[in-house]
Number of protein chains: 2
Amino acid sequence: MRSRRWRVGELASATGTTVRALHHYEEAGLLAAAERTSGDHRLYDEAGVERLYRIRALRGLGMSLEEIKKAIEDGSILADLLRTHLNRVELEVDRIVRLRDRLRSITQSGKQVSADDLLATLDAMSCVERHVHARRRKKKANDSDVESQWRILADQLRACMSGGERPSSKRTIALASQARSLMKSFADGDAEVLSALARLRIADPPRDLAGWTPDLIRYLDRALAALDKHLTTKLEP
Amino acid sequence: MRSRRWRVGELASATGTTVRALHHYEEAGLLAAAERTSGDHRLYDEAGVERLYRIRALRGLGMSLEEIKKAIEDGSILADLLRTHLNRVELEVDRIVRLRDRLRSITQSGKQVSADDLLATLDAMSCVERHVHARRRKKKANDSDVESQWRILADQLRACMSGGERPSSKRTIALASQARSLMKSFADGDAEVLSALARLRIADPPRDLAGWTPDLIRYLDRALAALDKHLTTKLEP
DNA sequence: ATACAACCTCACGTCACGTGAGGTTCAAGC
DNA sequence: GCTTGAACCTCACGTGACGTGAGGTTGTAT
């Protein structure tokens, strides 16, 4: 029972990547060939194809290769990643359609193009590019600050949970709001994708920080839901 | 009559770019502030906003900053660039909708995801990213080869034009086909955008190559149109 | 005067590859 | 078996559009 195999050029061409990228992923410890021929040619299998999809999807979500490396060993379910990816693509469709509509309106109006038109167009353009920005912002700056904030937040949230406070209590909601702020700084405001990433245990809160146990994360999820409900109620026009 | 002014941070924030990028564009000779305050703060005007739009739109079309610098001094009409940009965005909408539809179909099917599904998804993903690839491919490799090919092609096409051949003659169409191949290698197959870029005198054929006069470019345009008509007639099922 | 945000220039660093060099392997055709 | 050319290998320098931080000045509000 010999399963399918792809040489590096075949895989690159079938997936629209490059041989160089596949080499690079192997060097980076992300994706090794299933085997080598006697002549040392790489042969990838179906598991490799799936792994390549994971790599490229997570990269599209703004993660660096180093982060992808960590995330990809999680044994997360492919279907979850597909859903997260789809959510992200839906957002991108919305953004680019918005830009298209703006450009259509400008080019069809026959009037002189105003500076405000161009400013708004430029802003829409940067929204389309936003995922690239998010990737590049993931630098070391203030990592220790962010980590200590997460740790403090975990302590406070655990006190609420241990003390039997409902996720919708005033205090818990305030902490959830803080958590949201921290999370926003990671993924540039895409709250919906963020919560999906959190479920994938990829995004903040960092998994390797003491205190952020699965039950605490679930508690935070419920607090975030309560926060959303609270905000919706409060903001009804 | 004092027109509007933006400080660098205001412009960056209104357009979704960064202060650093605006600094960089100034260094690169792409976009200078209209004036400076007594404290040396930059002040941009409406012409600067327009120029920033041009820069970002051309960058989105895959050009390097150096190429943008050349292109932007052409005195081309803003409306033409807006149209070209819109054409490009329409293509991008198509591509990302295709990817979204594929992801929807996979996540909703409830069946095991096959390697072929993933291969096709990865390919669709790379189509979405295609403009980034085109930018990165503009390297020195084979520039002299490409230039000589363009030169030879110009000579041959001029012979047809001077000899009074219609753009739809067999020989002219064959040359147009060759031109299309050369153009494809530049912009990764986006023929529609390519012809728009050619009209903007941005893309190939290179403007600084002897022989590619405006009348010859117009002749090529007509030959390309005749080629398209010829192909459509030939390929009718 | 003080405080803080926004600004200035300078300059090293980034990251996911691109590119080319120099060589080997593979497969098809004769 | 030999030849040819495409596909493959490893190695390693280079890339480009900024990101980031340092150290200082300017502008505005209190």
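Residue numbers start from 1 in every chain, and the chains themselves are labelled A, B, ... in the order their sequence lines are given, proteins ahead of strands.
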Measuring from B:Arg36:CZ to B:Leu43:CG, what's the distance to the nearest 0.5 Å? 9.5 Å

At what distance, to the nearest 0.5 angstrom, does CZ of B:Arg56 lie from CG of A:Leu122? 7.5 Å

[N], OP1 or OP2 - any side-chain N/O from [X] closer than 4.0 Å?
| X | N | result |
| --- | --- | --- |
| A:Arg7 | C:dC26 | no |
| B:Arg20 | C:dA11 | no |
| B:Tyr25 | D:dC18 | yes |
| A:Thr37 | C:dC26 | yes |
| B:Arg36 | D:dT26 | no |

Without decimals, in angstroms, what is the distance between [X] [atom1] and [N] [atom2]?
| X | N | atom1 | atom2 | result |
| --- | --- | --- | --- | --- |
| A:Leu52 | C:dC17 | CG | P | 10 Å |
| A:Glu26 | D:dC11 | CD | P | 12 Å |
| B:Leu43 | C:dC7 | CG | C1' | 11 Å |
| B:Glu27 | D:dA17 | CD | P | 13 Å |
| A:His23 | D:dC13 | NE2 | P | 18 Å |
| A:Leu22 | C:dG18 | CG | P | 10 Å |
| B:Glu129 | C:dA16 | CD | P | 13 Å |
| A:His24 | D:dG14 | NE2 | C1' | 14 Å |

Taking the basic N atoms (NZ, or NE/NH1/NH2) and the acidic carboxylate oxygens, is any pair closer than 4.0 Å for A:Arg98 and A:Asp123? no

Determine, for A:Glu67 against A:Arg59, whether the closest basic-nitrogen to carboxylate-oxygen distance falls under 4.0 angstrom. no

Nearest-neighbour nucleotide for the B:Ala21 side chain, C:dT9, D:dC9, D:dC18 considered: D:dC18

With the side chain defined as heavy atoms from C-beta on, B:Arg42 is closest, among C:dT9, C:dC7, C:dC17, to C:dT9

Residue met sooner reading DNA chain D from 5', once B:Glu66 and A:Asp40 are mapped to nucleotides: A:Asp40

Of B:Leu65 and A:His41, whose closest DNA chain D nucleotide lies nearer the 5' terminus? A:His41

Looking at A:Ala33 and A:Glu26, what are the two nearest heavy atoms and their distance? N-OE1, 3.8 Å

